[in-house]
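Comments concern the structure below.
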Protein chains: 2
Amino acid sequence: MEKTKVAIVGLGTVGSGVASLLLDHGDRTARHAGRTLWLEKAVVRDLSKARDCNLPEGVLTDQLNDVLSDPEIKVVAQLMGGLEPARGVMLQLLEAGKDVVTANKALLAEHGPELFDRARALGRSIAFDAAVAGGIPIITNMSQCLSANQIGSIQGILNGTSNFIVCQMDELGWSYDAAVAEAQRLGYAEADPAMDVDGSDAAQKLAILSHLAFGARIRWNDIPKTGIDTLELTDLNFAKELGYRIKLISHAELGAEGLELSVAPTLIRMGRPLAEVRANYNAINVVGDAVGDLFFHGQGAGQMPTASAVVADMIDTAVGRTPITFRTLELWSERESAVKIRPVDELPGRYYMRFQVVDRPGVMAKITSILGAQQLSISSIIQHEPDQREGGESVQLVIMTHEAPEGAAKAAVDQIMQLPVVSGKSVRMRVME
Amino acid sequence: MEKTKVAIVGLGTVGSGVASLLLDHGDRTARHAGRTLWLEKAVVRDLSKARDCNLPEGVLTDQLNDVLSDPEIKVVAQLMGGLEPARGVMLQLLEAGKDVVTANKALLAEHGPELFDRARALGRSIAFDAAVAGGIPIITNMSQCLSANQIGSIQGILNGTSNFIVCQMDELGWSYDAAVAEAQRLGYAEADPAMDVDGSDAAQKLAILSHLAFGARIRWNDIPKTGIDTLELTDLNFAKELGYRIKLISHAELGAEGLELSVAPTLIRMGRPLAEVRANYNAINVVGDAVGDLFFHGQGAGQMPTASAVVADMIDTAVGRTPITFRTLELWSERESAVKIRPVDELPGRYYMRFQVVDRPGVMAKITSILGAQQLSISSIIQHEPDQREGGESVQLVIMTHEAPEGAAKAAVDQIMQLPVVSGKSVRMRVME
Ligand SMILES: NC(=O)c1ccc[n+]([C@@H]2O[C@H](COP(=O)([O-])OP(=O)(O)OC[C@H]3O[C@@H](n4cnc5c(N)ncnc54)[C@H](OP(=O)(O)O)[C@@H]3O)[C@@H](O)[C@H]2O)c1
Ligand SMILES: NC(=O)c1ccc[n+]([C@@H]2O[C@H](COP(=O)([O-])OP(=O)(O)OC[C@H]3O[C@@H](n4cnc5c(N)ncnc54)[C@H](OP(=O)(O)O)[C@@H]3O)[C@@H](O)[C@H]2O)c1
């Protein structure tokens with residue numbers, strides 16, 4: 001049977017999983033690829049560190065050059081995190097004639113144009129299905145299976161750590177801090193989970209998906225984003241009372257007036273598939289004009305689900321499918337047009353608003369007249385009895401609006417916050433049916 | 001831009017949709033495939049029939065030979081239904097050097113080995129993503145994206161017509177016959193819906209998926225199957241009372257003792273994704289040992305969702321991905337082993353049973369002692385007050401069991417049916433958590 005020599009750079013969580021699949025389950029690649037993927041080298045920084053897989057003698061090395069200088073190694077999985085030296089290593093691999101597979105979304109979101117241009121110029125390919133939604137093969141589905149469609153919208157839960165934290169709060173009533181600590185204990189969140197909980201990671205993934213879906217060049221940090229790091233239990237509870245759950249939703253939608261992009265905690269009606277995504281799962285709903293809506297749900301991270309995607313990419317690369325896709329799609333190329341992301345203020349939506357108000361006659365009239373002046377009509381209101389333990393003076397007022405432009409909603413909230421009867425902070429979130 | 005000439009044979013529901021995508025949206029194939037798919041010919045039986053798409057002059061023909069004899073036509077979508085002449089046409093196309101795309105699951109389930117062997121011998125390929133679950137790209141996902149996995153199980157709702165009928169009954173309380181008529185009116189069910197409602201169509205699709213998942217040669221009519229054509233409203237209602245819905249589930253599971261395969265109405269706990277699949281949608285849950293569980297939900301049939309899958313296959317074929325997959329996977333080849341399907345009697349499961357019993361002291365004791373003798377323990381029982389309008393003599397008794405081998409459940413039902421206090425027919429269905 002034919003044999004393709006491969007290598008791994010970076011043998012952490014994902015890298016060890018990939019090594020295990022290649023070493024312990026060679027029969028699968030043989031059956032599915034008609035060839036053996038032979039793990040020739042695994043490059044690490046620290047040779048003495050214990051590894052989560054059994055490497056045969058001679059495979060482990062701390063010399064990237066062992067890979068670069070071996071012309072028989074055709075496919076390399078680059079599984080280091082971060083931007084540098086990952087970027088430099090990626091370029092060196094391409095220059096050395098390797099086709100590269102990676103799971104590093106931060107790197108692609110930041111340096112995609114440079115890396116893809118370089119790969120194209122050198123006649124090489126980059127595969128990255130593991131970079132978005134881990135085990136869910138969304139990249140292959142978007143770049144290959146949905147080719148006959150104009151994609152209209154993408155809605156996804158793309159950050160498993162955030163979803164886990166929100167679920168712990170929602171289902172068990174935990175505080176945000178306790179939920180973060182639990183996510184760290186279980187290995188879902190990094191020691192510094194900032195990029196996960198502030199929406200950056202989700203925005204990077206949404207930018208990559210939007211390249212595929214809309215052929216549009218998008219800079220991830222141009223995507224308006226709000227994370228879950230400011231989410232309060234109070235709002236999860238009010239949402240539940242109204243029949244909704246709150247999820248960190250990445251949303252892209254192509255309309256006549258341009259591309260709408262956002263990452264934000266959003267209320268979704270219970271029972272809708274995205275509302276029922278639990279724990280650290282990811283899910284994506286794609287709408288195409290031919291296929292209609294297509295929903296994917298699976299493990300968005302973790303050692304083996306991510307390794308599953310990396311090894312599938314290595315097989316696709318070794319047998320020659322990825323090079324074709326890479327050539328024909330021309331991602332991050334001149335062919336892509338820079339699109340204008342619609343200003344957030346223009347976007348229509350329904351809103352959930354929460355205010356802390358003094359419990360006194362006439363307050364509601366003041367608030368509703370501000371909403372009316374902004375053409376915001378109210379679909380429901382919740383105000384509970386004041387809590388006597390808290391002095392019984394102020395109460396939480398929750399308002400759900402009908403559809404209105406974000407700008408109007410924002411202006412209304414700003415004006416309401418100026419009222420002397422309103423104190424503390426206000427909350428405003430979008431609502432999806 | 002490069003141009004690949006293509007043709008369509010059969011311009012019915014799916015064929016017209018494919019023609020529309022190719023003719024009206026050439027820009028998409030250009031963007032996603034880096035080339036134009038040029039519709040050169042569309043072959044029909046009856047030239048005078050009105051068609052659902054605007055074909056340019058000279059494209060429509062009733063001569064298959066116009067396609068066979070044009071060496072520039074490389075890719076042909078064969079979209080006739082039925083076994084003959086579809087099989088003959090397919091062989092002629094392959095002999096003439098065409099790569100073929102098809103949506104015809106009946107043809108593949110019946111003549112897969114012959115067609116695939118012939119294509120291999122001729123160095124040609126067959127793509128068939130539209131043949132299973134319409135717009136859900138399950139074939140590409142199984143044969144490409146999940147290559148690093150040993151698939152453990154597949155559970156799917158693979159027949160949209162059956163699901164639609166069951167939903168009408170379950171949600172609106174319609175009779176089976178009224179629901180079938182509505183499905184026909186909406187174009188979901190054929191004039192003769194026998195293959196849909198008796199489980200044959202689902203079994204054909206399950207056989208195709210099992211080839212991909214288990215590398216095993218399976219004859220579709222060896223799969224034990226029960227359709228929805230005997231389903232009664234009473235059982236849908238009892239299931240609801242117990243917290244379950246009933247769905248036509250296609251199930252394949254690889255265990256130490258062999259492969260378990262079945263198509264049958266099955267109780268699934270409400271809230272589980274498969275239980276919530278509505279209308280004529282399809283859904284599939286795949287469990288792989290690396291990826292974990294992966295769930296797909298989308299339009300399983302219909303003109304444009306199916307055309308979406310066909311055109312994606314045509315692009316994959318034109319750019320060269322399909323030929324690679326076809327070569328490396330060797331479906332329906334010598335490499336596939338014939339697996340033994342586990343005898344149904346051996347399979348463990350939980351059961352829902354319904355009997356019509358005379359409302360008299362001691363009846364319950366008789367029934368439960370038969371269950372006990374078969375080692376079947378009871379997890380719940382429903383027996384309502386007798387309906388006085390029906391004479392008040394006999395009542396419906398519903399029993400849910402804990403896990404037991406199917407053989408024991410079957411034997412118990414047979415014995416219970418012998419009791420003089422039991423009349424009418426009995427119902428037994430599997431329960432999934
Ligand atoms: N973990 C997941 O669930 C997941 C899911 C999807 C995508 N990803 C992405 O996959 C990538 C890897 O993630 P991970 O979780 O596997 O990270 P990790 O556990 O931190 O592993 C990173 C590996 O890179 C190696 N490395 C770092 N700098 C190096 C250098 N200069 N030379 C050689 N090796 C170097 C480290 O070597 P030492 O071991 O010697 O320190 C380590 O083995 C990241 O981009 C991440 O965003 C991860
Ligand atoms: N409809 C769906 O939603 C769907 C979904 C998935 C898969 N499929 C599969 O796709 C295939 C096509 O389905 P469909 O719904 O499009 O069927 P359809 O509407 O009945 O169309 C069949 C077409 O085949 C043509 N045809 C039949 N015999 C022919 C012959 N001897 N020579 C040339 N043309 C011939 C018919 O020509 P005339 O028009 O001249 O009679 C007709 O255009 C079937 O295998 C079906 O199982 C369908």
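When reading the values below, keep in mind they use all heavy atoms of this one structure, side chains included, and skip hydrogens, waters and symmetry mates.
For the set B:P305, B:A312, B:A33, the count of heavy-atom pairs under 4.5 angstrom toward chain A peaks at B:P305. Contact count versus chain A (heavy atoms, under 4.5 Å) is highest, among B:R31, B:H25, B:M314, for B:R31. Per-residue counts of heavy-atom pairs under 4.5 Å with chain B were compared for A:V311, A:T29, A:D316; the largest is that of A:D316. Of the listed residues (B:L329, B:T140, B:L212, B:I324), the one with the most heavy-atom contacts under 4.5 Å to chain A is B:I324. Chosen from B:G135, B:G34, B:A290, the residue pairing most often with chain A at heavy-atom distances under 4.5 Å is B:A290. Between chain B and the residues A:H32, A:R28, A:E276, the most heavy-atom pairs under 4.5 angstrom are made by A:R28.
A:Q299 touches chain B through backbone and side chain together, each having a heavy atom under 4.5 Å away. Contacts between B:D293 and chain A at a heavy-atom distance below 4.5 Å involve backbone atoms as well as side-chain atoms. In this structure, chain A has heavy atoms under 4.5 Å from both the backbone and the side chain of B:Q150. Looking at A:N149, both its backbone and its side chain come within 4.5 Å of chain B, counting heavy atoms on both sides. At a 4.5 Å heavy-atom cutoff, A:S20 makes no contact with chain B through either its backbone or its side chain. Heavy atoms of A:L21 lying under 4.5 Å from chain B belong exclusively to its side chain. Both the backbone and the side chain of A:I136 come within contact range of chain B, judged by heavy atoms closer than 4.5 Å. Heavy atoms of B:T322 lying under 4.5 Å from chain A are absent altogether. In this structure, chain B has a heavy atom under 4.5 Å from the side chain of A:N141, while its backbone stays farther away. Heavy atoms of B:Q144 lying under 4.5 Å from chain A belong to its backbone as well as its side chain.
In A:N54, the CG atom is not crowded: 12 or fewer heavy atoms of neighbouring residues, nucleotides or ligands sit closer than 6.0 Å.
Taken from CD1 in B:I315 to CG in B:L22, the straight-line distance is 8.0 Å, to the nearest 0.5 Å. Taking OG of A:S143 as the reference point, atom CZ of A:F326 lies at 11.5 Å (rounded to 0.5 Å).
For A:Y188 and A:N163, the side-chain atoms include no donor-acceptor pair closer than 3.5 Å. At a cut-off of 3.5 Å, with distance as the only test, a side-chain donor of B:R321 or A:T325 sits close to an acceptor on the other residue. A:D99 and A:S125 are linked by a side-chain donor-acceptor pair at a separation below 3.5 angstrom, with hydrogens and angles left out of the test.
At a threshold of 4.5 Å between non-hydrogen side-chain atoms, the residues A:M142 and A:V286 count as touching.
Checked options B:I139, B:V101, B:V75; the residue passing with B:D313 is B:V101 (criterion: side chain to side chain contact (heavy atoms under 4.5 Å, CB included)).
Between B:A309 and B:D129, the shortest heavy-atom distance links the atoms CB-C, 4.3 Å.
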- Task: Before giving the answer on ring-ring contact (aromatic ring centres under 6.0 Å, His included), spell out for B:F296 and A:F295 the whole-Å C-alpha distance, their side-chain angles and the decisive distance to 0.1 Å.
- Result: CA-CA 6 Å; B:F296 303 85; A:F295 178 76; 10.0 Å; no
